Trainee: 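Okay, here's the structure, questions in a sec.
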Amino acid sequence: MPAGNNAHSSPSHPQGTFAVIDFETTGISPECGARPTEIGVVILEDGVIVDTYESLMNPGVHIPYFIQELTGITDSMVRHAPDVGTVMQEVTEFIASHRLVAHNAAFDSKFLDAELIKLKRPRDKEMLCSLMLSRRVFPEIPSHKLSSLVETLRLPSTKHHRALADATAAAHLLMHIQRELEQRFDLDHVSHEMLLSIQQATRAKLEKCIAEFMKAPK
DNA sequence: TGCCAGGCCCTCTTTAGGGCCTT
């Protein structure tokens with residue numbers, strides 16, 4: 001029986017789709033012994049959420065009280081959940097060839113990489129960061145916390161600090177950023193490569209970066 | 001019980017420091 005719940009089957013994983021992921025964890029860094037307690041994944045295809053995955057997982061360590069308060073995920077909730085390895089094995093199959101996205105990707109990529117190394121399936125794709133993209137595209141917004149962006153940009157959202165809810169909010173943020181770029185630069189489509197170029201450009205060089213990308217041969 | 005990290009950005013900077021952001 002699968003460890004996680006996914007809303008729809010996804011028989012193919014074409015390039016150009018996005019897998020937006022979010023971890024809830026026992027702490028801030030796997031290097032300090034923190035482990036994942038929950039993962040949520042949202043598959044985006046052509047601006048539409050076509051699939052989702054979520055699962056609690058047993059981290060094998062105590063969840064600090066303040067994190068239980070923060071996320072609502074308690075020791076008793078994960079006690080009988082599948083272990084992290086079992087869940088992450090499913091997740092690797094689920095995210096397959098999709099482009100990866102996370103809000104503050106530096107955080108989620110650390111936990112993802114730590115688990116993928118244990119499965120001997122190291123990540124081979126760069127992860128897009130919706131936090132960095134938001135800072136580039138909406139520099140006038142004072143706070144780029146996911147919860148603040150949900151409120152400021154009026155994005156759909158449910159319960160903050162649960163994995164699938166936050167992954168869904170980040171997915172809506174990514175779609176909002178794509179629509180904003182399409183309108184601002186009169187584009188038909190904003191590709192993964194363009195988003196990666198924008199993410200890697202400094203804020204001051206954003207306009208030049210986009211102009212050069214638009215002039216580049218396809 | 002509380003703490004633990006690290007990459008990015010901005011500025012009173014660049015031979016640095018502090019805030020943001022993730023749990």
Side-chain angles (χ1 to χ4, degrees), chain A residues 18-42 54-78 81 84 87-88 91 95 100-117 123 125-153 155 157-174 176-177 195-209:
Chain A
F18 296 97
V20 187
I21 72 171
D22 185 80
F23 279 103
E24 304 302 321
T25 72
T26 65
I28 212 72
S29 172
E31 294 173 355
C32 296
R35 301 292 314 278
T37 58
E38 186 179 47
I39 186 168
V41 186
V42 170
E54 67 176 330
S55 182
L56 288 168
M57 43 190 143
N58 188 336
V61 298
H62 170 63
I63 304 172
Y65 182 69
F66 79 94
I67 290 181
Q68 294 190 38
E69 288 281 288
L70 180 71
T71 65
I73 299 172
T74 63
D75 284 333
S76 62
M77 287 171 65
V78 299
V84 175
V87 173
M88 292 310 299
V91 169
I95 61 179
L100 299 176
V101 186
H103 197 71
N104 196 8
F107 175 85
D108 291 280
S109 62
K110 281 190 302 185
F111 284 92
L112 180 64
D113 289 347
E115 301 306 328
L116 292 183
I117 287 171
R123 178 166 59 98
K125 296 185 289 287
E126 188 157 0
M127 187 181 285
L128 275 174
C129 178
S130 58
L131 168 65
M132 290 178 65
L133 286 168
S134 178
R135 282 174 170 161
R136 298 279 189 277
V137 178
F138 304 113
E140 71 281 4
I141 293 178
S143 171
H144 295 268
K145 283 195 299 188
L146 187 58
S147 58
S148 299
L149 289 167
V150 163
E151 188 172 339
T152 302
L153 300 174
L155 304 175
S157 177
T158 51
K159 182 175 175 57
H160 183 43
H161 279 311
R162 288 302 298 266
L164 184 58
D166 281 356
T168 302
H172 283 291
L173 172 60
L174 180 67
H176 190 90
I177 288 169
L195 290 171
L196 201 56
S197 295
I198 292 170
Q199 177 174 309
Q200 292 169 343
T202 62
R203 184 181 294 177
K205 294 180 178 176
L206 176 62
E207 303 283 332
K208 183 180 178 182
C209 164

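Here is how names work: the chains are called A, B, and so on, in the same order as the sequence lines, proteins then strands, and each is numbered from 1. These figures come from a predicted structure and were not determined experimentally.
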Trainee: Take the protein atom CD of A:Glu69 and the nucleotide atom P of B:dG2, then report the distance between them rounded to whole Å.
Mentor: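 In whole Å, B:dG2 P lies 11 Å from A:Glu69 CD.
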Trainee: Does atom CD of A:Gln200 have more than 12 heavy-atom neighbours, drawn from other residues, nucleotides or ligands, at distances under 6.0 Å?
Mentor: yes
Trainee: For the C1' atoms, the ones on B:dG19 and on B:dT13, what distance do you get once it is rounded to whole angstrom?
Mentor: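 These two C1' atoms come out 15 Å apart once rounded.
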Trainee: What interatomic distance, in whole Å, is found between C1' of B:dC12 and the corresponding atom of B:dG7?
Mentor: 23 Å
Trainee: May I have the distance from A:Arg162 (atom CZ) to B:dT23 (atom C1'), rounded to whole angstrom?
Mentor: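 My rounded result for the distance is 13 Å.
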Trainee: Using atom NZ of A:Lys110 as one end and atom C1' of B:dC4 as the other, report the distance to the nearest whole Å.
Mentor: 10 Å
Trainee: Could you tell me the separation between the CD1 atom of A:Ile63 and the P atom of B:dT1, rounded to a whole number of Å?
Mentor: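 Spelled out: CD1 on A:Ile63 to P on B:dT1 is 14 Å.
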Trainee: Which residue lies toward the 5' end of DNA chain B, A:Ser29 or A:Ile67, if each is placed at its nearest nucleotide?
Mentor: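 The residue mapped nearer the 5' terminus is A:Ser29.
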Trainee: Quick one: A:Met127 CE to B:dC8 C1', roughly how many Å, whole number?
Mentor: 16 Å
Trainee: Could you list the residues that satisfy salt bridge (Lys or Arg N to Asp or Glu O under 4.0 Å) with A:Asp113, not counting sequence neighbours?
Mentor: A:Arg123
Trainee: Given 3.5 Å as the limit, does a donor-acceptor pair link the side chain of A:Asp22 with the main chain of A:Leu164, or not?
Mentor: no
Trainee: Is the backbone N or O of A:His161 less than 3.5 Å from a side-chain atom of A:Asp166, with the two atoms forming a donor-acceptor pair by type?
Mentor: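 At least one qualifying donor-acceptor pair exists.
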Trainee: Is the backbone N or O of A:Arg35 less than 3.5 Å from a side-chain atom of A:Thr26, with the two atoms forming a donor-acceptor pair by type?
Mentor: yes
Trainee: Looking for any heavy atom pair under 4.0 Å, which part of the strands does A:Tyr65 touch: base, sugar-phosphate only, or nothing?
Mentor: nothing
Trainee: Between A:Ser134 and A:Ile177, which heavy-atom pair has the shortest distance, and what is it?
Mentor: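 Taking A:Ser134 first and A:Ile177 second, the nearest heavy atoms are N-CD1, 3.8 Å.
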Trainee: Enumerate all atom pairs, one protein N or O and one N or O from nucleotides 19-21 of chain B, separated by less than 3.5 Å.
Mentor:
| from | atom 1 | to | atom 2 | distance (Å) |
| --- | --- | --- | --- | --- |
| B:dC21 | OP1 | A:His144 | N | 2.5 |
| B:dC21 | OP1 | A:Lys145 | N | 3.3 |
| B:dC21 | OP2 | A:Ser143 | OG | 3.4 |
| B:dC21 | O2 | A:Asn104 | ND2 | 3.0 |

Trainee: Among B:dC3, B:dG7, B:dC8, which is the nearest nucleotide to the side chain of A:Phe66?
Mentor: B:dC3
Trainee: Just the rounded figure in Å: distance from C1' of B:dT1 to NE2 of A:His62.
Mentor: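 Rounded to whole Å, this separation is 9 Å.
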Trainee: In whole angstrom, give me the gap between the C1' atoms of B:dT23 and B:dA5.
Mentor: 12 Å
Trainee: Rounded to the Å, how far apart are A:Phe23 CZ and B:dT22 C1'?
Mentor: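 Distance, rounded to whole Å: 12 Å.
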Trainee: With sugar-phosphate meaning primed atoms plus P, OP1 and OP2, does A:Asp108 contact a base, only sugar-phosphate, or nothing at under 4.0 Å between heavy atoms?
Mentor: nothing
Trainee: Rounding to an integer number of angstrom, what distance separates B:dT14 and B:dC9 when you compare their C1' atoms?
Mentor: 14 Å
Trainee: Mind calculating the distance between CD (A:Gln68) and C1' (B:dT23) to the nearest angstrom?
Mentor: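 It works out to 13 Å between those atoms.
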Trainee: Got a donor-acceptor contact below 3.5 angstrom from the A:Glu38 side chain to the A:Arg162 backbone?
Mentor: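 No, the answer is negative, given that no donor and acceptor are paired below the 3.5 Å cut-off.
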Trainee: With nearest nucleotide decided by heavy atoms, which residue, A:Gln199 or A:Gly27, maps closer to the 5′ end of DNA chain B?
Mentor: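 On the 5' side of the pair lies A:Gln199.
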Trainee: Under the 3.5 angstrom rule, does the side chain of A:Thr74 hit a backbone N or O of A:Gln68 as a donor-acceptor pair?
Mentor: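 Judged by distance alone, no pair lies under 3.5 Å.
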Trainee: For atom P, what is the distance between B:dG18 and B:dC4, given to the nearest Å?
Mentor: 16 Å
